[in-house]
Amino acid sequence: MDETRASEPTPMQNRTMVERKSDQELVVTRTFDAPARTMFEAWTKPELFMRWWAPKSTGMFLRSCEMDVRVGGRYRLVFGHDASNPDEFFGRYIEVTPHSRLVWTNDEGGDGGPITTVTFEEKGGKTLLVMHELYPSKEALDAAGTGAADAMGETFEQLDELLVTLGASVRR
């Protein structure tokens, strides 16, 4: 039996969809087999976030992660292959609604950075995640491209793996 075909239904059910909705909007959606509470924790606890956020295929990893997840709180993510050439992403949280919604700025790009909104909608123990990025202009979205959003497929697969581990640790 072809192993690839046998495993197709699961990835198809939880496929990451990336769609440019307008000249300024990019939307990424995916359903996860986990409750919204667990999903929210994976997005807001640095020790969990660091385990899944950076796509492993790039060879980069999250060197540090600071998150003060509250309205007005700040975050700073430092990526890199090595300490001599890090990439930093930072901003502040605009909205924080436990287990259902996070909104933050992406200030590393100056005024050209998007506002990111992530929602978690739970139904039957599964959670629909919608990540919406609103850019200040068409030019800002064009300059950003879809590379980071396209990498979310791999990143979300890593999140799936973490959620399995977390699910196993909370089930007795």
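The structure presented is a predicted model; accordingly, all values stated were derived computationally and were not measured.
Hydrophobic clustering (ILVMFWY, side-chain heavy atoms < 4.5 Å, transitive): L162 and W53 are in one cluster. Taking hydrophobic clusters as Ile, Leu, Val, Met, Phe, Trp and Tyr residues chained together by side-chain heavy-atom distances below 4.5 Å, M50 shares a cluster with L77. Put simply, F89 and L48 are part of the same group of oily side chains (I, L, V, M, F, W, Y) that touch within less than 4.5 Å, one to the next. Cluster annotation: L134 and L102 are assigned to distinct hydrophobic clusters (Ile/Leu/Val/Met/Phe/Trp/Tyr, side-chain heavy-atom contacts under 4.5 Å, transitive). M67 and V103 fall into different hydrophobic clusters, where Ile, Leu, Val, Met, Phe, Trp and Tyr side chains are chained together by heavy-atom contacts under 4.5 Å.
Formation of a donor-acceptor pair under 3.5 Å by the Q24 side chain with backbone atoms of P136 is found in this model. Between the T38 side chain and the A34 main chain, no donor and acceptor come within less than 3.5 Å of each other. Under the 3.5 Å distance criterion, the side-chain polar atoms of T116 are left unmatched by any main-chain donor or acceptor of E133. Side chain of E122 to backbone of A36: a donor-acceptor contact under 3.5 angstrom is found. Between the side chain of T58 and the backbone N or O of A54 there is no donor-acceptor pair closer than 3.5 Å. A donor-acceptor pair is defined here as one N or O able to donate and one able to accept, closer than 3.5 Å; such a pair exists between the side chain of E108 and the backbone of F90. A donor-acceptor pair is defined here as one N or O able to donate and one able to accept, closer than 3.5 Å; no such pair exists between the side chain of D33 and the backbone of K126.
Proximity of T31 to L129: side-chain heavy atoms (C-beta onward) are nowhere separated by under 4.5 Å. You'll find the side chain of E161 stays beyond 4.5 Å of the side chain of T165, heavy atoms only. Counting only heavy atoms from C-beta outward, the side chains of M152 and E157 never approach each other to under 4.5 Å. The shortest distance between side-chain heavy atoms of I115 and I94 falls below 4.5 Å. Between L128 and K123, every side-chain heavy-atom pair lies at or beyond the 4.5 Å cut-off. The shortest side-chain heavy-atom distance between V28 and H132 does not fall under the 4.5 Å cut-off. No side-chain heavy atom of F79 sits less than 4.5 Å from a side-chain heavy atom of F61. Residues V118 and V130 have side chains not in contact (no heavy-atom distance under 4.5 Å, counting atoms from C-beta outward).
Residues T155 and P55 approach most closely at OG1-CG, 3.5 Å, considering heavy atoms.
Taking the six-membered ring for Trp and thresholds of 30 and 60 degrees, F49 and W52 have ring planes more than 60 degrees apart, a perpendicular arrangement. Ring geometry for W43 versus W104: interplanar angle of 30 to 60°, hence tilted.
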Give the intermediate values and the outcome of side-chain hydrogen bond (donor to acceptor under 3.5 Å, both in side chains) for residues R30 and T16. CA-CA 5 Å; R30 182 169 176 146; T16 301; 2.8 Å; yes
After noting the C-alpha distance and the side-chain angles of R76 and D68, does the key distance pass the salt bridge (Lys or Arg N to Asp or Glu O under 4.0 Å) rule? CA-CA 9 Å; R76 178 173 296 277; D68 180 9; over 6 Å; no
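Counting only N and O atoms by type, the side chains of Y93 and E95 include no donor and acceptor under 3.5 Å apart. In this model, a donor atom of one side chain and an acceptor atom of the other lie less than 3.5 Å apart for E25 and S22. Inspection of the T105 and R92 side chains reveals no N or O donor paired with an N or O acceptor under 3.5 Å. E154 and S57 form a side-chain donor-acceptor contact under 3.5 Å, judged by distance and modelled atom types alone.
How far OG1 of T117 is from CZ of R101: 5.0 Å, rounded to the nearest 0.5 Å. Interatomic distance, Q158 CD to L163 CG, rounded to the nearest 0.5 Å: 12.0 Å. Atom CG of D107 is separated from atom CD of E88 by 12.5 Å, given to the nearest 0.5 angstrom.
For E66, there are no salt bridge (Lys or Arg N to Asp or Glu O under 4.0 Å) partners two or more places apart in sequence or in a different chain. Legend: residues meeting ring pair (Phe, Tyr, Trp, His ring centres under 6.0 Å) with F40, ordered by chain and number and at least two apart, are H99, F120. A search for ring pair (Phe, Tyr, Trp, His ring centres under 6.0 Å) contacts involving F156 returns F32, not counting sequence neighbours.
Using a 4.0 Å cut-off between charged side-chain N and carboxylate O, E47 and K45 make no salt bridge.
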